[in-house]
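A short worksheet on the structure shown next.
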Amino acid sequence: MITSILEIIGTIAFAVSGAVVGIRKKMDILGVVTLGIITAVGGGILRDIIIGVVPPTAFRDPIYALIAIATGIIAFLPFIRKRINLDHFIWILADSIGLGAFTMIGVSTGAATDNLFLQVFLGVLTGVGGGVIRDICSGDIPMIFVKHFYACPCIIGAIICAILNRYDPDLAIVVGFAVILILRLLAAKFKWHLPKAH
């Protein structure tokens, strides 16, 4: 139940995140909606391919793709488009929520195994995968390599979730999600960065 709620929340949040990038790049409605879909379901598609779920869930059960399409269209409406384009915090918050939600879904997908590394890997891939595809499609270097403290909250949250999962799966998701959300927002506010090559 909790994963279904997180999936809907994460889909909407990441669709907003992708749509905002398209709006800032002055794309047409197709570009804005496409970036919304890519960001929302891209990480899940990559995850499913790796674990052998073919065709991926996003194609077998397109409800989440349809939610992403609807979200992208709404974001493109002039009065909403103007607001979200000006308010950077909306983008940061939406991206952070999507990151936390989909990382937890990825960890939960691998929870049937006892392989901690696989659970963490699936969590991080599901969390950042759509954003990486979004950034490449919009002509940017993927954020996980250059911007803020981005993938690290996913890794930390995924590890916490995978460990707690053995005792209380629902608590594991709530705690892992909260850790990612808080760390990501703090990183954005205080401009935390990993060391860079100069």
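Computed over heavy atoms, backbone and side chain alike; hydrogens, waters and symmetry mates excluded.
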Please find the pair of heavy atoms, one from [X] and one from [Y], that lie closest to each other, and give the distance.
| X | Y | value |
| --- | --- | --- |
| G157 | I180 | CA-CG1, 3.7 Å |
| S17 | A94 | N-CB, 4.3 Å |
| C161 | A172 | O-CB, 3.4 Å |
| L46 | G129 | CD1-CA, 4.1 Å |
| A19 | A75 | CB-CB, 3.9 Å |
| A40 | A15 | CB-N, 4.1 Å |

Original post:
Considering the options L6, V16, L185, L181, which one meets the side-chain contact (heavy atoms from CB on, under 4.5 Å) requirement together with I97?
Top reply: L181
What distance separates [X] [atom1] from [Y] [atom2], expressed to the nearest 0.5 Å?
| X | Y | atom1 | atom2 | value |
| --- | --- | --- | --- | --- |
| R134 | I37 | CZ | CD1 | 14.5 Å |
| I50 | T109 | CD1 | OG1 | 12.0 Å |
| L30 | F76 | CG | CZ | 10.0 Å |
| T34 | I69 | OG1 | CD1 | 8.5 Å |
| L118 | T113 | CG | OG1 | 4.5 Å |
| M27 | S138 | CE | OG | 5.5 Å |

Does any non-hydrogen side-chain atom of [Y] lie less than 4.5 Å from one of [X]?
| X | Y | answer |
| --- | --- | --- |
| F59 | I45 | yes |
| N115 | Q119 | no |
| Y150 | L194 | no |
| L116 | R166 | yes |
| I90 | R83 | yes |
| I92 | D95 | no |
| T11 | F102 | yes |
| L164 | D168 | no |

Original post:
Should we say atom CD1 of I141 is surrounded by more than 12 heavy atoms from elsewhere, each under 6.0 Å from it?
Top reply: no
Original post:
Do other residues, nucleotides or ligands put more than 12 heavy atoms under 6.0 Å from D28 CG?
Top reply: yes
Identify whether [X] and [Y] are in the same connected component of the hydrophobic contact network (ILVMFWY, side-chain heavy atoms under 4.5 Å).
| X | Y | result |
| --- | --- | --- |
| V41 | F14 | yes |
| F89 | I23 | yes |
| Y167 | F177 | no |
| V107 | L183 | no |
| I155 | V146 | yes |

Short question: side chain of [X], backbone of [Y] - any donor-acceptor pair under 3.5 Å?
| X | Y | answer |
| --- | --- | --- |
| R60 | P55 | yes |
| D48 | T57 | yes |
| T39 | L35 | yes |

Subject >> Worked verdict on R81 versus V32 for side chain to side chain contact (heavy atoms under 4.5 Å, CB included) >> reply: CA-CA 10 Å; R81 182 171 72 224; V32 168; over 6 Å; no
Original post:
Taking the six-membered ring for Trp, are F149 and W192 parallel (under 30°), tilted (30 to 60°) or perpendicular (over 60°)?
Top reply: perpendicular
Original post:
For I105 and R47, what are the C-alpha separation, side-chain angles and deciding distance, and is it a side chain to side chain contact (heavy atoms under 4.5 Å, CB included)?
Top reply: CA-CA 10 Å; I105 290 164; R47 175 202 67 221; 3.7 Å; yes
